[in-house]
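Model, not experiment: these values are computed from the prediction. The sequence lines fix the lettering, A, B, ..., with proteins before strands; numbering per chain opens at 1.
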Amino acid sequence: MIAWTTIGPAVTASFLASLVEVVEAFTIVLAVATVRGPRPALLGAVAGFALLVVLVLIFGSAIGETPLYLLQLTIGVLLMLFGLRWLRKAILRAAGAIALHDEAGAFAREQSRLHAQGSPHDNRLDWLAGLTAGKAVVLEGLEVVFIVIAVGAGRGLIVPASLGALAACVIVLMAGVAIRQPLSRVPENALKFCVGVMLSAFGVFWTGEGLGVAWPGDDLAIPALIVLFLAAALVLVRIVRSGMREVLQ
Amino acid sequence: MKVIAAEILGLFVDDQGLALTVLGVVVVAAVAAFGLHAPPVAGVVLVLGCLGALVVSTMNGAKR
């Protein structure tokens with residue numbers, strides 16, 4: 001039986017990460033819809049989603065035939081690279097060393113890029129707009145697919161992790177359709193900070209499992225690693241922030 | 001396709017120094033686990049190595 005100490009972090013990580021990615025994809029699809037109308041935006045988004053489903057089916061069947069230790073090692077290393085990258089950026093943003101991601105700004109930039117492509121009556125631009133929406137769904141969706149597979153595959157948690165991602169998609173789409181504006185009030189950096197901590201911990205855990213490490217407490221090592229990475233990240237935020245203050249003074 | 005390939009690579013590699021350090025940590029841990037037959041040492045290398053890589057990469061990022 002799989003413990004809640006494993007299911008909880010896996011579902012939470014896939015839910016929070018998907019929330020961030022779906023918000024980013026939604027911003028671009030909404031920008032396309034406001035500039036070129038809902039049809040190319042929806043067609044592009046649906047086509048992008050269909051491509052993602054095909055990729056999931058291809059990779060899903062390959063995962064079933066991969067030896068478990070190799071799967072844990074491969075996914076663990078990729079998760080460490082992915083998680084530490086997110087966490088590093090989130091720490092620098094939280095400390096004020098780099099600018100926060102601006103969803104409203106991204107929306108405005110995408111709108112002006114689409115406006116600059118030509119006359120509003122040029123039907124060829126609907127294709128470009130559809131491609132833009134499709135590309136956004138594919139690129140952001142790939143991150144969601146990777147995270148779901150990465151946190152779920154090592155312990156047979158693909159279904160709970162997928163449900164976490166699906167819940168995030170439903171929440172973002174419902175909120176987005178209701179307000180019809182970019183979801184700029186979502187605390188993206190806080191979410192990325194949490195997800196970076198969780199994915200880094202999962203990455204170290206799976207890599208260790210793949211190398212034959214017997215973690216103390218077995219699955220309980222996952223929450224312990226999460227606490228360790230969280231503590232290190234919070235200390236780093238303080239150090240970087242105080243360093244920035246000294247430089248400014 | 002080029003854009004998608006670049007984006008996929010970008011999912012894992014942002015700061016090259018961080019990515020290379022993490023891969024180096026994995027190699028050292030693998031040597032400890034399979035070469036020295038000491039998986040507990042591999043676990044310690046992974047945890048401390050990743051924390052160290054995060055600290056160094058973040059401090060370098062802040063300096064830039």
request  = Below 4.5 Å from any heavy atom of chain B, which atoms of A:Leu236 appear? Answer side chain, backbone, both or neither.
outcome  = side chain
Distance-only donor-acceptor pairs under 3.5 Å for side chains of residues 81-93 of chain A, two or more places apart:
residue: A:Arg85; atom: NE; partner: B:Gly10; partner atom: O; Å: 3.0
residue: A:Arg85; atom: NH1; partner: B:Leu11; partner atom: O; Å: 3.0
residue: A:Arg85; atom: NH2; partner: B:Gly10; partner atom: O; Å: 3.3
residue: A:Arg88; atom: NE; partner: B:Ser57; partner atom: O; Å: 3.4
residue: A:Arg88; atom: NE; partner: B:Ser57; partner atom: OG; Å: 2.6
residue: A:Arg93; atom: NE; partner: A:Ala99; partner atom: O; Å: 3.1

key: Minimum heavy-atom distance B:Cys50-A:Phe229, with the two atoms named   = CB-CZ, 4.1 Å
query = Considering only heavy atoms, which portion of A:Ile239 lies under 4.5 Å from any heavy atom of chain B: side chain, backbone, both, or neither?
reply = side chain
request  = Please look at A:Val240 and chain B and tell me whether the side chain, the backbone, both or neither of the residue comes under 4.5 angstrom of a heavy atom of that chain.
outcome  = side chain
remark   = Between A:Val213 and B:Ala42 the two heavy atoms that sit nearest each other are CG2-CB, 4.1 Å
message = Quick check: do A:Phe205 and B:Val47 have side-chain heavy atoms less than 4.5 Å from each other?
response = no
key: B:Phe34 atom CZ, over 12 foreign heavy atoms within 6.0 Å   = yes
ask   = In terms of heavy-atom pairs under 4.5 Å, which option from A:Val204, A:Leu73, A:Val235, A:Val77 contacts chain B the most?
value = A:Val204
inquiry  = Given heavy-atom pairs under 4.5 angstrom as the criterion, report whether the side chain, backbone, both or neither of A:Phe146 touches chain B.
reply    = side chain
inquiry  = Counting only non-hydrogen atoms closer than 4.5 Å, does A:Leu225 touch chain B with its backbone (N, CA, C, O), its side chain (CB onward), both, or neither?
reply    = side chain
message = Rounded at 0.5 Å granularity, tell me how far CG in B:Leu46 sits from CH2 in A:Trp206.
response = 14.0 Å
task = Quick one: do A:Met80 and B:Val25 satisfy side-chain contact (heavy atoms from CB on, under 4.5 Å)? Show the steps, please.
result = CA-CA 11 Å; A:Met80 285 198 297; B:Val25 167; 5.8 Å; no
note = For A:Ala97 and B:Ala62 the tightest heavy-atom approach is CB-CA, 4.4 Å
ask   = Given that the side chain runs from C-beta out, which part of B:Val13 has a heavy atom under 4.5 Å from chain A: side chain, backbone, both or neither?
value = backbone
Atom of B:Pro39, atom of A:Gly212 and distance for their closest heavy-atom approach = CB-O, 3.4 Å
